[in-house]
Amino acid sequence: MKKVTLVLSDGTTFHGESFGYEKPVTGEVVFNTAMMGYPESLTDPSYAGQLMVLTYPLVGNYGVPPFSFEANGLPTFMESDKIHASAIIVSDYSEHYSHWNAVESLADWLKREHVPGVTGIDTRQLTKVLREQGVMMGHLVFEDQPESEHSEYSDYSDNSDYSSINWVARVSCKDIIRYNEGAGKRVVLVDCGVKANIIRCLIKRGMEVVRVPWNYDYTGMAFDGLFLANGPGDPDMCEDAVKVLRRQMDMSRKPICGICMGNQLLAKAAGATIYKLKYGHRSHNQPVREVGTNRCYVTSQNHGYAVDASRLGSDWRELFVNMNDGSNEGIRHQLNPWFSSQFHPEACSGPVDTEFMFDRFVDALDGA
């Protein structure tokens, strides 16, 4: 396998070997502490432009499921129609896989989708660096590859400044897509980089879903409720989406639910500000408490920004808080049926303890 070096923006280097597609890429280096779920994570649009470091030492041993699609256009096992992460970095890649649903190895999948994979790196030490210094930009350099070629092959060329790019605009759908037409309540879903399982959860509850681009003006559409999806990057780059949301909130009390990026956009519309976490929350085991109760949930998360809840308007309250660092994990309006979560209730892969958030949204639709 070809030698490859990860060069962090502070000059720190880590040396490993390639097991995926051999192309140099640049991106924000982040770590995920989940023990499983690499097919779902790699296809999660929230990882666009990032080099994903997995702290669990052995990766690839259960292969990759088939990349098949259902009649409604949703992938059967993945979270979108392609890999969005710029690269995956692991400690020990398992060349041999065994699973009843696997059809190919992780390496073959990465090569087919032109995504680098790096093994042999001390990912625990790399994670320590990121925890101490904060997330930083990184660059993969392959042996015998001229520097002039380093950005030539990248799907997201010129990623040297992650924070300056509107990643939501890159991964959002470009046209309106409809699911479960003619079913029950009609929900407009604002696609900021939506995971397929969010749509599956809405369809499973009998809703008609109208998926619109991130900056689409839906205020003149006929619908029963609004759903704000997850997505990558800095929510402050999505001011167009916030302006449309504010207009909707000014003219209607229709139920609104948000997840991840959706929580941040709803909070911005409510007057709050956003700040960047030192190294983000990316795992299956983030403890979250529902405010006003002693109920604590284990949640799946994938975000690098958080809401400063102290800046929320007077009619708003926190709904959930993170038990590790006290950061905001959701908000609610005191009078209107508007609420959100920073974590992922649909959690694919991950715990499903909080899927009741979709049921609360259904109840809000029924009561509207």
Side-chain angles (χ1 to χ4, degrees), residues 40 43-48 67-84 166-233 235 237-238 240-245 247-249 252 254-266 269 302-303 338-341 344-348 355 357-359 361-362 364-365 368:
E40 293 89 346
T43 54
D44 181 353
S46 292
Y47 275 111
F67 217 130
S68 57
F69 290 83
E70 302 299 295
N72 58 17
L74 293 174
T76 307
F77 304 106
M78 308 297 187
E79 291 303 311
S80 69
D81 60 357
K82 68 173 186 177
I83 294 177
H84 284 276
N166 186 342
W167 292 101
V168 167
R170 294 198 178 190
V171 302
S172 175
C173 63
K174 308 307 178 187
D175 301 295
I176 295 177
I177 306 172
R178 299 178 184 273
Y179 305 90
N180 214 22
E181 287 191 75
K185 300 287 186 177
R186 178 178 297 165
V187 174
V188 166
L189 184 147
V190 181
D191 180 9
C192 298
V194 64
K195 288 175 62 181
N197 208 42
I198 290 178
I199 303 175
R200 295 186 194 109
C201 286
L202 293 172
I203 291 175
K204 184 172 69 174
R205 287 164 175 79
M207 300 187 209
E208 176 182 351
V209 179
V210 182
R211 180 179 175 183
V212 301
W214 71 279
N215 57 352
Y216 188 84
D217 187 352
Y218 45 80
T219 55
M221 299 176 67
F223 60 91
D224 299 296
L226 180 66
F227 206 98
L228 310 172
N230 64 290
M237 301 290 288
C238 300
D240 289 347
V242 175
K243 289 178 181 177
V244 177
L245 178 56
R247 286 200 296 272
Q248 175 64 26
M249 294 163 67
S252 171
K254 290 178 181 178
I256 301 173
C257 182
I259 289 178
C260 198
M261 174 70 76
N263 175 61
Q264 296 161 0
L265 296 182
L266 185 63
N302 176 19
H303 62 101
W338 304 337
F339 57 94
S340 58
S341 68
H344 283 267
E346 82 288 353
C348 190
E355 201 171 303
M357 290 293 289
F358 291 95
D359 299 322
F361 184 53
V362 172
L365 292 174

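When reading the values below, keep in mind they use all heavy atoms of this one structure, side chains included, and skip hydrogens, waters and symmetry mates. Since the structure is predicted, the reported quantities are computational estimates derived from the model, not experimental observations.
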Give the intermediate values and the outcome of side chain to side chain contact (heavy atoms under 4.5 Å, CB included) for residues H303 and H344.
-> CA-CA 10 Å; H303 62 101; H344 283 267; over 6 Å; no

Reference residue F227; test side-chain contact (heavy atoms from CB on, under 4.5 Å); the match among V188, I256, D191, I198 =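 The side-chain contact (heavy atoms from CB on, under 4.5 Å) with F227 is passed solely by I198 among V188, I256, D191, I198.
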
Let me confirm one number: the [atom1]-[atom2] distance from [X] to [Y], rounded to the nearest 0.5 Å.
{"X": "S68", "Y": "F77", "atom1": "OG", "atom2": "CZ", "result": "5.0 Å"}
{"X": "W167", "Y": "H84", "atom1": "CH2", "atom2": "NE2", "result": "11.5 Å"}
{"X": "L189", "Y": "I177", "atom1": "CG", "atom2": "CD1", "result": "10.0 Å"}
{"X": "S46", "Y": "N230", "atom1": "OG", "atom2": "CG", "result": "4.0 Å"}
{"X": "L228", "Y": "C238", "atom1": "CG", "atom2": "SG", "result": "11.0 Å"}
{"X": "R200", "Y": "E346", "atom1": "CZ", "atom2": "CD", "result": "9.5 Å"}

Closest non-hydrogen atom pair between [X] and [Y], with its separation:
{"X": "E40", "Y": "C348", "value": "CB-O, 3.4 Å"}
{"X": "L265", "Y": "C192", "value": "CD1-SG, 3.7 Å"}
{"X": "P235", "Y": "Q264", "value": "CG-OE1, 3.2 Å"}
{"X": "M78", "Y": "A196", "value": "O-CB, 3.8 Å"}
{"X": "V190", "Y": "P213", "value": "CG1-O, 4.2 Å"}
{"X": "Y218", "Y": "V212", "value": "CD2-CG2, 4.4 Å"}

[Y] and [X] side chains, donor-acceptor separation under 3.5 Å:
{"X": "T76", "Y": "E70", "value": "yes"}
{"X": "S80", "Y": "T43", "value": "no"}
{"X": "N72", "Y": "N180", "value": "no"}

With a 4.5 Å limit on heavy-atom distance, are the side chains of [X] and [Y] in contact?
{"X": "V210", "Y": "M221", "result": "yes"}
{"X": "L226", "Y": "P255", "result": "no"}
{"X": "M207", "Y": "V362", "result": "yes"}

Between V194 and I199, does a side chain to side chain contact (heavy atoms under 4.5 Å, CB included) hold up when you go through it step by step?
-> CA-CA 8 Å; V194 64; I199 303 175; 4.1 Å; yes

Please lay out, stage by stage, how L202 and F358 fare under the test side chain to side chain contact (heavy atoms under 4.5 Å, CB included).
-> CA-CA 7 Å; L202 293 172; F358 291 95; 3.9 Å; yes

Might you work through the side chain to side chain contact (heavy atoms under 4.5 Å, CB included) test for F361 and V187, ending with a clear yes or no?
-> CA-CA 10 Å; F361 184 53; V187 174; 3.8 Å; yes

With no hydrogens and no angle check, is any side-chain donor or acceptor of [X] less than 3.5 Å from a backbone partner on [Y]?
{"X": "E208", "Y": "Y179", "answer": "no"}
{"X": "D44", "Y": "Y47", "answer": "no"}
{"X": "W214", "Y": "D240", "answer": "no"}
{"X": "R170", "Y": "N166", "answer": "no"}
{"X": "D81", "Y": "P75", "answer": "no"}
{"X": "S340", "Y": "I259", "answer": "no"}

Could you give me the CA-CA distance, side-chain angles and deciding distance for R186 and D224, then say whether salt bridge (Lys or Arg N to Asp or Glu O under 4.0 Å) is met?
-> CA-CA 5 Å; R186 178 178 297 165; D224 299 296; over 6 Å; no

Counterpart residues, ring pair (Phe, Tyr, Trp, His ring centres under 6.0 Å), relative to F223 (two or more places apart) |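 F223: no ring pair (Phe, Tyr, Trp, His ring centres under 6.0 Å) contacts found.
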
